[in-house]
Amino acid sequence: MRIAYQPFQYSAQVLYAQELGFFSKAGIAVELQQIAFGSALATAVAVGAADIGIATIATIALAHHKNIPFVLVAPAAEYRASDKPKALFLVGKQTAIYTARDMNGKTVGTPGLATMGEYGARAWVDANGGDATTLKFVELPFSQMASAFASGRIDAASVGEPFLSDCLKVARVLTSKMEATLSPNFVITAWFAMAPWATAHPDLVVRFAAALRDATTWAAKNPAKCVDILARTFHQDPASISPELLSAFGQRLTPANVTPEIAVTARYANFPPFPAEELIYTPR
């Protein structure tokens, strides 16, 4: 199985599953492919260069609207209002941005256009007195966010570990509650495949999801070991990664935890919302 992931902690389940042997336990031989940009990763899955990839629900919802047959096969990062925020919406220290209204006309960095990196920022700005239609977005990987803040190439971005500490040297927190604008509980990212591939390989899909559940359970109990894996994979100093800010991962996909991102995507991409059940793959 070829699995494409982006270099950020929302993808970490597959790193843990590979290193801890959960894929082997599930009887899956896995090849991991790191792809920096969400659009390139989605293309890799669409053309068959990867079997499964990761994306925000927004990306999959937009593809669904365009009749691209992506389906969600397992949850990844999950937002829970009851937890300590795992990603922070930052602005450059040199900026005069202190409110959502100050964001008007500013440039936001995101690892993927038409993803939650874009639509989440738009929703928070609009909900708090700014005008999201004036925002500009630049696509760049999280590993380049700190230098982009330092050079003034971007004014703002939502950033999590393992790159948060570097960014906080040149940026400050505008809000830790950007995601709360959408819902108190929802899946941020999920693993997806082309529907024909999933239909042809239902046993692989089930075993892949089971391996990720094992990785999710392990990660919740071993944050220090998670930091070690992230630091090695992304070439970061382990001391710069906070175990308290590591992503929480979901165990199951449900219509309730997928719907909020479909709604915000439909709002900003200007298409009618649709039932979340249309995105969630169910093995037969």
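Values below: every heavy atom of this structure, side chains too, minus hydrogens, waters and symmetry copies. For clarity, every value in this text was computed on a predicted model and none was experimentally measured.
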Mind running side-chain contact (heavy atoms from CB on, under 4.5 Å) on L245 and K84 for me, showing each step along the way?
-> CA-CA 7 Å; L245 296 179; K84 186 172 183 177; 4.0 Å; yes
Quick check for you: to the nearest 0.5 Å, what is the distance between [X] atom [atom1] and [Y] atom [atom2]?
X: I54; Y: T189; atom1: CD1; atom2: OG1; answer: 4.0 Å
X: Y79; Y: N257; atom1: OH; atom2: CG; answer: 14.5 Å
X: Q13; Y: C226; atom1: CD; atom2: SG; answer: 10.5 Å
X: L230; Y: F163; atom1: CG; atom2: CZ; answer: 9.0 Å
X: T59; Y: I68; atom1: OG1; atom2: CD1; answer: 10.5 Å
X: F271; Y: H65; atom1: CZ; atom2: NE2; answer: 6.0 Å

Following the transitive rule for hydrophobic clusters with a side-chain heavy-atom cut-off under 4.5 Å over Ile, Leu, Val, Met, Phe, Trp and Tyr, establish whether [X] and [Y] coincide in one cluster.
X: Y16; Y: I188; value: yes
X: V45; Y: F37; value: no
X: I52; Y: V14; value: yes
X: V205; Y: V71; value: yes
X: L88; Y: I97; value: no

Donor-acceptor pair, [X] side chain versus [Y] backbone, under 3.5 Å?
X: N185; Y: R80; result: no
X: T259; Y: A256; result: no
X: R213; Y: R252; result: no
X: T107; Y: I154; result: no

Do other residues, nucleotides or ligands put more than 12 heavy atoms under 6.0 Å from the [atom1] atom of [X]?
X: N270; atom1: CG; value: no
X: K136; atom1: NZ; value: yes
X: R232; atom1: CZ; value: yes

Flag side-chain contact, heavy atom, 4.5 Å: [X] against [Y]:
X: P111; Y: M145; value: yes
X: V91; Y: K106; value: no
X: F208; Y: M1; value: yes
X: I3; Y: Q18; value: no
X: I57; Y: V187; value: yes
X: Q236; Y: S165; value: no
X: K93; Y: K169; value: no
X: F23; Y: L212; value: yes

Quick check: closest heavy atoms across [X] and [Y], and the distance to 0.1 Å?
X: Y119; Y: V264; result: O-CG2, 4.0 Å
X: F234; Y: P7; result: CE2-CA, 3.3 Å
X: S11; Y: W191; result: O-CZ2, 3.8 Å
X: A276; Y: I262; result: CA-CD1, 3.6 Å
X: L164; Y: L90; result: CD1-CD1, 3.9 Å
X: A146; Y: V170; result: O-CG2, 3.4 Å

Please determine if R172 forms a cation-pi arrangement with Y98, meaning its NZ or CZ atom is less than 6.0 Å from the six-membered ring centre and no more than 45° off the ring axis.
->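 Judged by the rule (NZ or CZ under 6.0 Å from the ring centre, within 45° of its axis), R172 counts as positioned above Y98.
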Checking side-chain polar atoms at under 3.5 Å, does [X] have a donor or acceptor matched by the opposite partner on [Y]?
X: E118; Y: T110; answer: no
X: E261; Y: S183; answer: no
X: T99; Y: D102; answer: yes
X: Y5; Y: Q33; answer: no

Full working for salt bridge (Lys or Arg N to Asp or Glu O under 4.0 Å) between D126 and R122 | CA-CA 6 Å; D126 279 341; R122 289 189 184 279; over 6 Å; no
Residues T181, K177; criterion side-chain contact (heavy atoms from CB on, under 4.5 Å); working and verdict | CA-CA 7 Å; T181 302; K177 300 180 178 179; over 6 Å; no
Take K225 and E19, measure what salt bridge (Lys or Arg N to Asp or Glu O under 4.0 Å) needs, and give me the verdict at the end.
-> CA-CA 11 Å; K225 293 179 181 178; E19 180 146 337; over 6 Å; no
Y10 and T56: side-chain contact (heavy atoms from CB on, under 4.5 Å), yes or no, with the steps?
-> CA-CA 10 Å; Y10 288 172; T56 64; over 6 Å; no
side-chain contact (heavy atoms from CB on, under 4.5 Å) between Q251 and E78: does it pass, once the steps are laid out?
-> CA-CA 9 Å; Q251 289 280 0; E78 188 171 64; over 6 Å; no
Sole residue of W197, Y281, F192 in ring pair (Phe, Tyr, Trp, His ring centres under 6.0 Å) with F70 =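 That would be F192.
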Among D155, N128, V108, the one residue meeting side-chain contact (heavy atoms from CB on, under 4.5 Å) with M103 =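 Option passing the side-chain contact (heavy atoms from CB on, under 4.5 Å) with M103: V108.
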